[in-house]
Each structure stands twice: as C-alpha cells, then as structure tokens.
Amino acid sequence: MAETSNVLRVNIVTPDGLVYDHHARMLVVHSVAGELGIMANHEPIVTPLEIGEVDVQRVDASDHNDSIAVNGGFMEVSENRSEERRVGK
C-alpha cells in the first residue's frame with residue numbers, strides 16, 4: 001500500500017452501519033456547493049452532500065475506481081479520513 005501520509009481512508013456510513021471502507025488516492029463528491037475533489041492531507045471540511053455518486057480512486061491499482069451511490073447526507077474530512085454519513089432512513 002502507498003505511504004500512509006499520501007492515503008485517504010474513505011468510510012461510508014448509513015443509519016444501518018458501515019457500508020464502505022477503503023484507502024484512496026482521491027475522492028470526488030457532489031456537495032450542495034458543487035463538485036469537490038479530496039486528496040490526502042486536505043484541510044478539514046464538513047459539507048452537505050447532494051444525491052449522487054461518490055467516486056473513489058483506490059490505492060491498490062491505478063485503474064481501480066469505485067462509484068458508490070449516496071442519498072444525500074454529509075461528508076467530514078479530517079486527519080486523512082473521510083466519512084460520508086446519511087442521516088435518517
């Protein structure tokens with residue numbers, strides 16, 4: 001795996017629990033303010049999310065990308081960790 005200071009840990013959590021947990025080089029989300037690209041060592045941020053996809057460029061292979069559907073919620077980034085949470089059912 002890549003050096004940990006260049007890696008972002010991505011967690012997607014629903015009211016039912018954790019549904020996604022991987023390490024990434026980059027994360028792209030659709031916030032209410034527009035599209036955001038997040039990489040390791042990003043400044044801390046909390047933002048509400050639009051309904052759409054979270055795109056994750058994983059570290060295990062340069063061409064390994066995941067797209068995860070989200071139904072709104074919010075994203076918090078701090079200390080090389082990103083959590084997308086959906087509030088309510």
Side-chain angles (χ1 to χ4, degrees):
M1 183 169 54
E3 183 182 330
T4 57
S5 65
N6 295 326
V7 172
L8 183 66
R9 183 169 186 170
V10 179
N11 292 331
I12 297 181
V13 182
T14 71
D16 296 324
L18 184 68
V19 296
Y20 185 87
D21 181 8
H22 286 285
H23 292 92
R25 295 185 195 289
M26 185 172 183
L27 168 71
V28 177
V29 299
H30 301 278
S31 76
V32 296
E35 190 174 82
L36 294 173
I38 307 293
M39 297 177 76
N41 303 311
H42 194 282
E43 288 293 317
I45 185 175
V46 175
T47 188
L49 298 176
E50 294 280 345
I51 295 171
E53 291 184 345
V54 173
D55 297 313
V56 180
Q57 180 186 14
R58 293 186 33 181
V59 298
D60 49 0
S62 62
D63 63 345
H64 192 170
N65 298 309
D66 292 336
S67 293
I68 303 96
V70 294
N71 190 18
F74 68 93
M75 176 186 70
E76 177 182 7
V77 175
S78 66
E79 299 178 4
N80 283 339
R81 184 177 189 148
S82 169
E83 272 200 21
E84 288 72 37
R85 291 186 175 265
R86 182 172 160 228
V87 183
K89 293 229 177 199

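The chain is numbered in sequence order, starting from 1.
- Here the CD atom belonging to Glu53 is positioned 11.0 Å from the CG atom belonging to Asp66, to the nearest 0.5 angstrom.
- Between Val10 and His22, every side-chain heavy-atom pair lies at or beyond the 4.5 Å cut-off.
- Taking CD1 of Ile12 as the start and CD of Glu83 as the end, the distance is 10.0 Å to the nearest 0.5 Å.
- Remark: Arg85 CZ to Met75 CE distance equals 13.5 Å, nearest 0.5 Å.
- Considering only residues two or more places apart in sequence or on other chains, His42 meets the ring pair (Phe, Tyr, Trp, His ring centres under 6.0 Å) condition with none of them.
- Met39 and Val77 fall into different hydrophobic clusters, where Ile, Leu, Val, Met, Phe, Trp and Tyr side chains are chained together by heavy-atom contacts under 4.5 Å.
- Thr14 meets the side-chain contact (heavy atoms from CB on, under 4.5 Å) test with Asp16, Val19; sequence neighbours excluded.
- Counting heavy atoms from C-beta on, the side chains of Glu79 and Arg81 never come closer than 4.5 Å.
- Follow the hydrophobic side-chain contacts under 4.5 Å out from Val54 and you never reach Met26; the two are in separate clusters.
- Minimum interatomic distance between Val59 and Arg25 (heavy atoms only, all atoms of both residues): O-NH2, 3.3 Å.
- Atom CD of Gln57 is separated from atom CG of Asp63 by 9.5 Å, given to the nearest 0.5 angstrom.
- Counting heavy atoms from C-beta outward, Arg9 and Asp21 have side chains that approach closer than 4.5 Å.
- Taking Ile51 as the reference, Asn71 meet the side-chain contact (heavy atoms from CB on, under 4.5 Å) condition, with sequence neighbours excluded.
- Scanning all heavy atoms of the two residues, the minimum distance from Ser82 to Leu27 falls at OG-CD2, 3.1 Å.
- Contacts of Ser62 classified as side-chain contact (heavy atoms from CB on, under 4.5 Å), with partners at least two apart in sequence or in another chain: none.
- Alongside Leu18, the hydrophobic cluster contains Val13 (criterion: ILVMFWY side chains under 4.5 Å).
- In this structure, Tyr20 and Val56 have side chains that are in contact, with non-hydrogen atoms separated by less than 4.5 Å.
- Note: the hydrophobic cluster containing Val28 does not contain Val7 (ILVMFWY, side chain heavy atoms under 4.5 Å, direct or indirect links).
- Under the rule for a side-chain hydrogen bond (donor to acceptor under 3.5 Å, both in side chains), the partners of Asn41 that lie at least two apart in sequence or sit in another chain are Asn80.
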